[in-house]
*Asks:* 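Quick one: this structure, given as structure tokens, is what I'll be asking you about.
Here is the naming used below: chain letters follow the sequence lines, and residue numbers restart at 1 for every chain. Predicted, not measured: the structure shown is a model, and the values here were computed from it.
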Number of protein chains: 2
Amino acid sequence: MAAKSSKRSQRTGASVPEPRGEPPLSLDRIVATAVELLDAEGLDGLKMRRLADRLGSGVMSLYWHVDNKEDVFDLALDSVLEYRGTIGSQDWRADVLHMLEDWRASMLRHPWSASLLPRRALGPNILARLELLSKTLSGAGVADADLNVAIWSLWNYVMGATITRSSFDLSDADRASGQQRVEHHYPTIERSGLLLDDDWDGVFRKGLDFLLDGLAPR
Amino acid sequence: MAAKSSKRSQRTGASVPEPRGEPPLSLDRIVATAVELLDAEGLDGLKMRRLADRLGSGVMSLYWHVDNKEDVFDLALDSVLEYRGTIGSQDWRADVLHMLEDWRASMLRHPWSASLLPRRALGPNILARLELLSKTLSGAGVADADLNVAIWSLWNYVMGATITRSSFDLSDADRASGQQRVEHHYPTIERSGLLLDDDWDGVFRKGLDFLLDGLAPR
DNA sequence: ACCTGAACACCGTTCAAGT
DNA sequence: ACCTGAACACCGTTCAAGT
């Protein structure tokens with residue numbers, strides 16, 4: 001899968017046009033490849049040397065395009081948060097639900113992104129999502145004084161749900177062993193099978209509905 | 001999670017009072033010092049060598065008490081999540097609010113803990129908190145079928161709020177520069193001053209109230 | 001403008017060894 | 001049972017240099 005071994009296998013002497021060589025380095029290629037690597041190996045799997053390997057370049061070549069590793073994280077994160085949807089139906093609540101479901105889905109497609117987002121400065125794509133959300137709620141009649149509370153409450157909920165799901169997803173074994181450790185010690189949790197529950201989508205949607213009920217303009 | 005196999009010996013009985021030097025290494029001392037170091041330097045600041053330095057021992061001495069660095073993280077995290085409160089008033093909603101505020105406060109006291117919690121297996125102290133929460137909600141009349149939804153919704157909200165706050169807290173400069181970048185591009189956000197809002201406690205409480213309204217047994 | 005290898009200052013952990 | 005230094009296999013980044 002990892003098409004490494006791209007150790008520049010062109011030793012035909014003359015500098016003929018690259019037959020199948022790598023295209024030249026560019027910021028876009030670096031970011032796209034970083035996302036691939038992060039998807040495949042997780043947050044800890046992104047190493048500058050490994051990224052360079054995938055790109056068929058030397059490690060230090062990356063540093064001409066990028067300041068440092070944090071830069072790579074920021075760019076990869078924002079690239080994954082682009083919003084391509086539209087809004088403008090007559091139903092503000094449907095619009096909001098769609099935006100938040102899409103946001104969550106984008107992060108779940110790249111399980112490293114959710115836990116990274118709160119730690120980094122907000123990039124243009126996430127700001128655009130917040131702007132759209134604000135505009136929709138404001139247009140629906142949420143008073144200015146209530147707007148920030150609404151936005152941050154939704155942010156908190158979506159981020160918590162997505163971080164939790166994408167982290168727990170990685171370790172089903174842990175959950176099973178957790179449920180086992182629970183037996184005889186935590187009777188209520190044991191009875192409800194809390195740690196075995198995996199209706200993530202349903203839970204997400206129901207909690208979100210409760211929040212929107214409360215936030216809805218009256 | 002660490003089930004520290006056979007280790008653990010408590011110095012029983014009378015030995016010579018410590019002559020000014022460091023007390024001997026012990027799991028408890030290691031965990032307590034790790035928490036101090038994490039509080040002072042953040043998640044990235046915990047290094048085995050630095051931890052050993054603080055303890056006045058060689059690095060490798062730690063590895064007799066602990067399997068690896070992840071072990072240290074797990075133990076530090078759980079130690080910070082202990083719940084010392086009581087419940088049992090007649091007001092289930094007050095009980096729940098108190099438990100969740102206390103949980104959040106514990107994590108905010110150790111800003112590295114919130115972002116760590118979703119990534120690790122659930123330790124005994126957080127399980128005890130979940131058990132208490134489940135029991136309270138169940139006793140208040142939440143049907144078994146609704147219990148997991150209630151717990152996970154609250155979990156999502158509390159974790160999202162706490163992770164966000166403890167992360168953003170570290171970088172007020174980022175928020176200011178974020179608000180600056182926002183000007184002229186994101187009018188609704190600019191007008192509401194979303195990124196400058198710092199009524200974290202108020203936002204937390206209001207969103208939580210909305211959730212509880214929805215989750216409350218009818 | 002763009003790319004590179006050598007080298008530095010780390011860091012977690014294995015190992016063989018000491019008491 | 002408990003602790004240790006030397007050594008290994010990394011990793012991000014600086015630097016001087018190449019085209």
Side-chain angles (χ1 to χ4, degrees), chain A residues 2 4 6-11 13-18 21-31 33-34 37-38 40-76 112 116 119-120, chain B residues 2 4-13 15-16 18-19 21-31 33-34 37-38 41-76 112 116 119-120:
Chain A
K4 319 188 146 188
S6 48
K7 247 279 268 232
R8 201 56 82 137
S9 52
Q10 125 196 7
R11 51 175 40 107
S15 58
V16 271
E18 308 249 345
E22 317 280 351
L25 231 40
S26 71
L27 197 55
D28 285 349
R29 270 193 78 222
I30 291 177
V31 173
T33 308
L37 187 52
L38 284 162
E41 315 270 358
L43 269 185
D44 298 330
L46 178 61
K47 276 118 193 224
M48 295 304 272
R49 285 172 224 257
R50 238 193 296 190
L51 180 54
D53 273 354
R54 281 206 181 212
L55 288 159
S57 74
V59 202
M60 292 319 296
S61 312
L62 302 175
Y63 285 83
W64 194 90
H65 302 267
V66 141
D67 281 346
N68 47 42
K69 192 180 173 180
E70 291 208 335
D71 216 357
V72 179
F73 274 128
D74 285 338
L75 293 166
W112 46 274
L116 197 54
R119 283 189 262 161
R120 312 297 317 162
Chain B
K4 55 222 60 49
S5 43
S6 54
K7 306 149 184 187
R8 167 157 297 261
S9 75
Q10 233 17 297
R11 283 158 52 91
T12 55
S15 48
V16 194
E18 303 294 336
E22 315 282 352
L25 232 37
S26 70
L27 199 55
D28 286 348
R29 268 192 81 222
I30 292 177
V31 172
T33 308
L37 188 51
L38 285 163
E41 315 270 358
L43 269 184
D44 298 330
L46 179 61
K47 275 117 194 226
M48 296 303 272
R49 285 172 224 256
R50 232 182 313 181
L51 181 54
D53 272 355
R54 281 206 180 213
L55 288 159
S57 74
V59 202
M60 293 317 298
S61 311
L62 302 175
Y63 285 82
W64 193 88
H65 302 267
V66 140
D67 281 345
N68 47 41
K69 193 180 172 180
E70 292 208 334
D71 215 359
V72 179
F73 275 127
D74 285 339
L75 294 167
W112 45 273
L116 197 55
R119 284 188 260 162
R120 312 297 317 162

*Asks:* Flag the pair B:R29 / B:H65 as yes when at least one side-chain heavy-atom distance between them is below 4.5 Å, and no otherwise.
*Replies:*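 A side-chain contact is absent here, since even the closest heavy-atom pair is not under 4.5 Å.
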*Asks:* Nearest 0.5 Å, what's the CG-OG distance between B:L25 and B:S61?
*Replies:*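 The distance works out to 6.0 Å.
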*Asks:* Taking the side chain as every heavy atom from C-beta outward, state whether B:L116 and B:L38 have any pair of such atoms under 4.5 Å apart.
*Replies:*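 Side chain of B:L116 against side chain of B:L38, heavy atoms only: no contact under 4.5 Å found.
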*Asks:* Measuring from atom CG of A:L55 to atom CG of A:L37, what distance do you get when rounded to the nearest 0.5 angstrom?
*Replies:*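 CG of A:L37 is found 9.0 Å from CG of A:L55.
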*Asks:* Between B:R49 (CZ) and C:dT14 (C1'), how many Å, whole number?
*Replies:*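 Checked: the CZ to C1' distance equals 13 Å.
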*Asks:* Using whole Å, report how far CG of B:D53 lies from P of D:dG5.
*Replies:*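 To the nearest whole Å, that distance equals 11 Å.
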*Asks:* Write down the distance between CD (B:E70) and P (C:dC11), rounded to a whole number of angstrom.
*Replies:*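 After rounding, the gap between these two atoms is 18 Å.
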*Asks:* Under a cut-off of 3.5 Å for both distances of each Watson-Crick or G-U pair, what dot-bracket string does DNA chain D give, using [ ] for crossing pairs and | for inter-strand pairs?
*Replies:* ||.|||||...|||||.||
*Asks:* In Å and rounded to the nearest 0.5 Å, what is the NZ to CG distance from B:K69 to B:L62?
*Replies:*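 The NZ atom of B:K69 sits 11.5 Å away from the CG atom of B:L62.
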*Asks:* Take the protein atom CE of B:M48 and the nucleotide atom P of C:dC10, then report the distance between them rounded to whole Å.
*Replies:*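 Distance, rounded to whole Å: 18 Å.
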*Asks:* Quick one: are B:V72 and B:V31 in side-chain contact, heavy atoms under 4.5 Å?
*Replies:*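 No, too far: nothing below the 4.5 Å cut-off.
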*Asks:* So, for A:A76 and A:A34, which heavy atoms are closest and what is the spacing to 0.1 Å?
*Replies:*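 That closest heavy-atom pairing would be CB-CB, 4.4 Å.
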*Asks:* What's the spacing between A:R49 CZ and A:D53 CG if we round to 0.5 Å?
*Replies:*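 So the gap between those two atoms works out to 10.0 Å.
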*Asks:* What pair of heavy atoms forms the shortest contact from A:N68 to A:Y63, and how long is it?
*Replies:*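 Nearest heavy atoms, A:N68 then A:Y63: CA-CE2, 4.0 Å.
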*Asks:* Nearest whole angstrom, please: distance from the C1' of D:dC11 to the CG of A:L51.
*Replies:*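 Rounded to the whole Å, the gap is 13 Å.
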*Asks:* Near DNA chain D, counting only heavy atoms under 4.0 Å, which residues of residues 60-69 of chain A show up?
*Replies:*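 Of all residues in residues 60-69 of chain A, the ones placing a heavy atom under 4.0 Å from DNA chain D are A:M60, A:Y63, A:N68, A:K69.
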*Asks:* Expressed in angstrom and rounded to an integer, what is the separation of B:L55 atom CG from D:dC2 atom C1'?
*Replies:*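 Roughly 15 Å, once rounded to whole Å.
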*Asks:* Looking for any heavy atom pair under 4.0 Å, which part of the strands does A:L46 touch: base, sugar-phosphate only, or nothing?
*Replies:*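 The residue A:L46 makes sugar-phosphate contact but no base contact.
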*Asks:* Work out how far the C1' atom of D:dC2 is from that of C:dA17, and round it to whole angstrom.
*Replies:*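 One C1' to the other, the span is 13 Å.
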